[in-house]
There are 2 protein chains.
Amino acid sequence: MFKVNKLTDYAMVLLLEMARGSTVRSTQHVSDRTGIPLPTVAKIMKSLGKAGLVQSQRGAGGGYALGRRPIEITVADVIQAVEGPIALTACAETSDEHCSIEAVCPVQGKWNRVNRAVRAALTEVTLADMAEDIPTFGPAPRAKEEPRAATALLAPVK
Amino acid sequence: MFKVNKLTDYAMVLLLEMARGSTVRSTQHVSDRTGIPLPTVAKIMKSLGKAGLVQSQRGAGGGYALGRRPIEITVADVIQAVEGPIALTACAETSDEHCSIEAVCPVQGKWNRVNRAVRAALTEVTLADMAEDIPTFGPAPRAKEEPRAATALLAPVK
DNA sequence: GCAAAGCGGACTAAAACAGTCCTGTTTACG
DNA sequence: CGTAAACAGGACTGTTTTAGTCCGCTTTGC
Ligand code: SF4
Ligand code: SF4
């Protein structure tokens, strides 16, 4: 089953939610909106932050906002932020690992072509593409009543 | 670390080795040639066999040969044979799984575009492409002296 | 008939992942 | 200036996947 990490998938959900406005949102808020558990949201946000995909505002009333415009964030960026380098095999040029056969393997480097093709495919699609006609989030938040009083107050924009 | 299964990688090595001639080879032989442990080779061959990528010949002097021409075997084929369907997310069209957010997730289906792009990239590269100027295998077999007496005798071709 | 080889599937150890938690730092605001 | 909200960083743990092995059965050439 060739697939992306579940956390990567979630990261995309979070980013898409955040793409709906440029206000700063707390992890709590985003968690409620998406249904993804709070600690998990926090963890993912940290990864995204390090990669610069989101900006953080610390302190009371703080939270996260997109680090750059949706059209400048590619799926490849998200994967790399959460999972690390995209390297289909241990011997790929983008990898830092090594395989046990590496010394004698005649396939050495042959995967690079595939690797590049996949990366190109992942770089083609941006957050903006995926955000197209996504209306609002699901059938409304989860349980707890809308908890955005605090954050709404200091929404920097709009 | 976005990567393919190690077994998939090995599968490619095996197929590439087999692409060098149309004779039937035993798993033992292929194992010696590639340095991949015998039981592992056997396991991979079974997967490849089910997918039709290799043909098997049972009984004494039996073994495996490619199931079709190298140009007709794509990287996507190999991945699917070993790992199962290529479905980047649980909600992808090619997936048979389901995710916990699926009901309320507005991203639903948005990954299909990415999924298709990746599959296309993987389908573009064939075994023939990867086999280009691969001379012989490594610095010679492993330890044990060349053990191909038996199989060489009944090589159907060439 | 015997031995070589594949077939199917069960099993286990090791690694990766998903999720949680805790301790510390920054910052708004009363 | 104290308090509480919120992020930062990292350790930890239970679960799931993966990689690798093994065994008993079937097929087939000699
Ligand atoms: S050296 Fe060969 S076996 Fe090892 S990762 Fe590269 S292609 Fe795969
Ligand atoms: S429904 Fe949403 S969270 Fe679930 S797999 Fe699809 S995109 Fe990911």
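Chain A is the first sequence line, chain B the second, and so forth, proteins listed ahead of strands; every chain is numbered from 1. This one's a predicted model, so the numbers in the text were calculated from it and none came from an experiment.
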- Query: Do any side-chain nitrogens or oxygens of A/S26 fall under 4.0 Å of OP1 or OP2 in D/dA5?
  - Reply: no
- Item | A/E83 CD to C/dA18 C1', straight-line distance once rounded to whole Å | 13 Å
- Task: Take B/C99 and B/T89 through the test side chain to side chain contact (heavy atoms under 4.5 Å, CB included) and record every step on the way to the result.
- Result: CA-CA 9 Å; B/C99 110; B/T89 63; over 6 Å; no
- Query: Taking NE2 from B/H29 and C1' from C/dA4, how many angstroms apart are they, rounded to a whole number?
  - Reply: 16 Å
- Message: Does any part of the side chain of B/I71, heavy atoms only, come nearer than 4.5 Å to the side chain of B/L127, both counted from C-beta?
- Response: no
- Message: When you measure only distances, ignoring hydrogens and angles, does the side chain of B/R58 come within 3.5 Å of the base of D/dT28 through a donor and an acceptor?
- Response: no
- Query: C/dG6 C1' sits how many Å from B/M18 CE, rounded?
  - Reply: 13 Å
- Rounded interatomic separation in angstrom, taking NZ from A/K50 and C1' from D/dA8: 8 Å
- Message: With a 3.5 Å distance limit and no angle check, can you tell me whether B/D129 reaches the backbone of B/T126 through a side-chain donor-acceptor pair?
- Response: yes
- Message: Using a 6.0 Å cut-off, check whether atom CZ of B/R68 has over 12 heavy atoms from anything other than its own residue.
- Response: yes
- Query: Starting at the 5' end of DNA chain D and moving along, which residue's nearest nucleotide shows up first, B/E97 or B/P37?
  - Reply: B/E97
- Query: Closest to the B/Q57 side chain: D/dT21, D/dT28, C/dG19?
  - Reply: D/dT28
- Note on the structure: Which of C/dA18, D/dT28, D/dG20 is nearest the side chain of B/L7? It is D/dG20
- Query: What is the distance from CG of A/L38 to C1' of C/dC22, rounded to the nearest Å?
  - Reply: 14 Å
- Query: Nearest to the side chain of B/T40 - D/dG9, D/dT21, C/dC7?
  - Reply: D/dT21
- Here the distance between atom C1' of D/dA4 and atom CD of A/Q28, to the nearest Å, is 15 Å
- Message: Using heavy-atom distances to pick each residue's nearest nucleotide on DNA chain C, tell me which of A/P39 and A/G59 is more 5'.
- Response: A/P39
- By nearest-heavy-atom nucleotide on DNA chain C, the more 5' of B/K3 and A/Y10 is B/K3
- Query: Could you state the CG-C1' distance from A/L48 to D/dC7, rounded to the nearest angstrom?
  - Reply: 14 Å
- Message: So B/K3 and A/I86, do their side chains get closer than 4.5 Å, heavy atoms only?
- Response: no
- Query: Would you say A/S56 reaches D/dA6's phosphate, i.e. side-chain N/O to OP1/OP2 under 4.0 Å?
  - Reply: no
- Message: Measure CG/A/N5 against C1'/D/dT15 and give the value in whole Å, please.
- Response: 14 Å
- Item | Closest nucleotide among C/dA3, D/dA4, C/dG8 to the B/K46 side chain | C/dG8
- Task: Classify the nucleic acid contact of B/K6 as base, sugar-phosphate or nothing, counting any heavy atom under 4.0 Å across all strands shown.
- Result: sugar-phosphate
